[in-house]
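Below is one structure; the comments refer to it alone.
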Number of protein chains: 2
Amino acid sequence: MTNLSTTSDDILACARSLIIAGGYNGFSYADIAEVVGIRKASIHHHFPSKVDLVRTLVFRYREEARAGFAELERTAADPRDQLSSYVGYWEKCIADASAPFCVCALLASELPVLPAEVAGEVRLHFETLSEWLTSVFERGAEVGIFRLSNPPQAEAEAFMAAVHGGMLSARVHDDPKLFGMITASMLDRLSN
Amino acid sequence: MTNLSTTSDDILACARSLIIAGGYNGFSYADIAEVVGIRKASIHHHFPSKVDLVRTLVFRYREEARAGFAELERTAADPRDQLSSYVGYWEKCIADASAPFCVCALLASELPVLPAEVAGEVRLHFETLSEWLTSVFERGAEVGIFRLSNPPQAEAEAFMAAVHGGMLSARVHDDPKLFGMITASMLDRLSN
DNA sequence: CGTTACCTACCTAGTAGTAGGTAGCCTGTC
DNA sequence: GACAGGCTACCTACTACTAGGTAGGTAACG
């Protein structure tokens with residue numbers, strides 16, 4: 001049991017799901033206060049400003065993602081396995097509605113109106129993600145598991161784009177399986 | 001010269017670019033008023049509520065898109081040409097920053113917090129788009145121009161997802177060429 | 001004379017954020 | 001062991017400002 005209060009974690013978790021639903025301007029301190037069961041002013045005690053809150057939130061998200069990639073490097077058997085574990089993770093998040101969208105993908109869409117500090121964190125996540133995917137595609141091509149018609153970086157970027165666009169399509173059609181269909185189609189082509 | 005005032009068109013055009021930048025909750029009547037050079041209250045004369053404004057805007061956007069697809073059906077030589085004209089259109093919009101994001105893709109990301117009327121319009125656009133893309137892929141497969149490893153619908157959805165995700169990546173990296181790289185990678189695979 | 005397009009002036013509700021207070025809990029010191 | 005000081009986590013009550021929206025007036029025009 002940690003000696004740190006769980007309230008700030010509750011605030012972060014709540015803010016995360018509110019951002020996933022409607023982005024940076026889609027929620028307020030009042031919304032969080034109601035869900036967490038705390039007064040608006042008390043949130044300012046934990047996070048002086050909204051920028052502090054969201055910057056912290058994205059920073060943690062980024063660290064979690066990085067840890068997830070490291071975990072996949074250790075556990076997954078080969079590049080193909082790594083990719084399908086990655087999309088499988090998202091399929092689960094979308095299907096059980098626990099996190100039906102990537103926080104950073106959502107924030108990225110409103111990047112021009114985001115406070116600079118938040119925008120910077122979002123950009124860093126995209127770099128982390130595209131670097132990891134590129135390394136996976138490179139390894140897959142080297143080992144001969146993937147047959148790529150384009151440079152690994154281009155394939156990785158296209159794959160990443162399809163994942164983010166897939167989240168969007170699944171949201172619009174309110175159909176988690178659509179995400180699976182799209183990512184499966186992307187994975188299929190890697191060895192044909 | 002049309003006998004309709006141009007002010008309401010100015011308002012719509014302004015709102016469109018504001019939505020492209022930051023979504024539904026990312027702009028206000030005050031923002032529009034300042035750009036168009038009119039008072040806030042005067043916008044309510046043309047569009048009683050924000051929902052009216054955005055619903056109208058998305059409806060027109062949807063009609064424009066539909067007209068664009070019809071145009072491509074008439075002018076483009078074959079399915080491959082249609083797809084590359086489609087992505088070429090977006091490449092231009094992104095490169096000259098005239099409309100660096102699809103209005104409906106952006107609104108779709110905040111779908112859960114969107115007013116129902118607007119959400120409905122957005123969903124209709126996605127249907128229009130995925131139906132057209134599916135028909136293009138079907139025709140391409142029939143004629144033998146495309147060699148698909150998955151059903152046309154799955155390929156169309158993956159293509160559409162990559163286009164939307166590509167806009168996101170181009171925005172994050174502030175690099176219009178990234179969109180071209182991603183879509184080129186998608187097009188390449190259709191005949192390999 | 002009615003309609004259109006705009007205006008000023010306003011309203012209510014909500015926004016992020018602040019000031020200042022209180023209750024509980026450690027911790028160091030006599 | 002008692003107690004003072006400081007710290008954390010919360011509170012009520014507020015500020016300044018912005019949001020979308022309204023009431024009612026005016027000037028131009030067919």
Side-chain angles (χ1 to χ4, degrees), chain A residues 1-19 21-58 106-107 110 112-119 121, chain B residues 1-59 106-107 110 112-119 121:
Chain A
M1 183 171 287
T2 168
N3 55 349
L4 279 171
S5 158
T6 181
T7 304
S8 77
D9 293 332
D10 289 352
I11 294 169
L12 286 169
C14 176
R16 185 185 285 209
S17 67
L18 288 171
I19 287 177
Y24 188 85
N25 292 308
F27 77 101
S28 73
Y29 269 38
D31 297 327
I32 297 173
E34 201 178 340
V35 175
V36 176
I38 209 180
R39 294 296 158 146
K40 229 181 46 170
S42 307
I43 302 171
H44 285 284
H45 168 69
H46 296 279
F47 304 98
S49 78
K50 195 176 182 181
V51 172
D52 289 316
L53 169 59
V54 180
R55 198 200 328 105
T56 306
L57 184 154
V58 179
L106 217 151
L107 290 174
E110 24 187 41
V113 300
L114 244 40
E117 293 110 308
V118 176
E121 289 290 335
Chain B
M1 185 171 285
T2 169
N3 56 347
L4 281 170
S5 156
T6 182
T7 303
S8 78
D9 293 332
D10 288 351
I11 294 169
L12 285 169
C14 175
R16 184 184 287 211
S17 66
L18 288 171
I19 286 177
I20 287 170
Y24 188 85
N25 291 309
F27 77 100
S28 73
Y29 269 37
D31 297 328
I32 297 174
E34 200 178 342
V35 175
V36 175
I38 210 180
R39 293 297 158 148
K40 227 180 49 166
S42 307
I43 303 173
H44 286 283
H45 169 70
H46 297 279
F47 304 97
S49 76
K50 195 178 182 181
V51 171
D52 290 316
L53 169 59
V54 179
R55 199 201 326 105
T56 307
L57 183 154
V58 178
F59 176 79
L106 218 152
L107 291 174
E110 22 185 45
V113 300
L114 243 41
E117 293 110 308
V118 176
E121 289 291 336

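Here is the naming used below: chain letters follow the sequence lines, and residue numbers restart at 1 for every chain.
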_Between CG on residue B/D52 and NE2 on residue B/H44, distance to nearest 0.5 Å_ = 10.5 Å
*Ignoring backbone atoms, test whether B/T7 places a side-chain nitrogen or oxygen under 4.0 Å from the OP1 or OP2 oxygen of C/dA5.*
no
*CZ/B/R39: more than 12 non-hydrogen atoms of other groups inside 6.0 Å*: no
*asked:* Using the side-chain contact (heavy atoms from CB on, under 4.5 Å) criterion, which residues pair with A/A30? Sequence neighbours excluded.
replied: A/S28, A/K40
*Spacing between B/H46 atom NE2 and C/dC6 atom C1', to the nearest angstrom*: 8 Å
*Report yes or no: do A/T7 and A/D10 form a side-chain donor-acceptor pair below 3.5 Å?*
no
*For residues 22-43 of chain A, which residues have at least one heavy atom under 4.0 Å from DNA chain C?*
A/F27, A/S28, A/Y29, A/A30, A/K40, A/A41
_If you define the side chain from C-beta out and look only at heavy atoms, does anything of B/I19 sit under 4.5 Å from B/V58?_
no
*Which whole-number value in Å describes the distance from A/D52 CG to C/dA16 P?*
13 Å
*Flag the pair A/L12 / A/F47 as yes when at least one side-chain heavy-atom distance between them is below 4.5 Å, and no otherwise.*
yes
*Of all the nucleotides listed (D/dT8, C/dA5, C/dG17), which has the minimum atom distance to the side chain of A/H45?*
D/dT8
_Between P of D/dA9 and CG of A/D10, the distance in whole Å_ = 13 Å
_Looking at C/dA19, I'd like to know if its phosphate oxygens (OP1 or OP2) sit under 4.0 Å from a side-chain N or O belonging to A/H44._
no
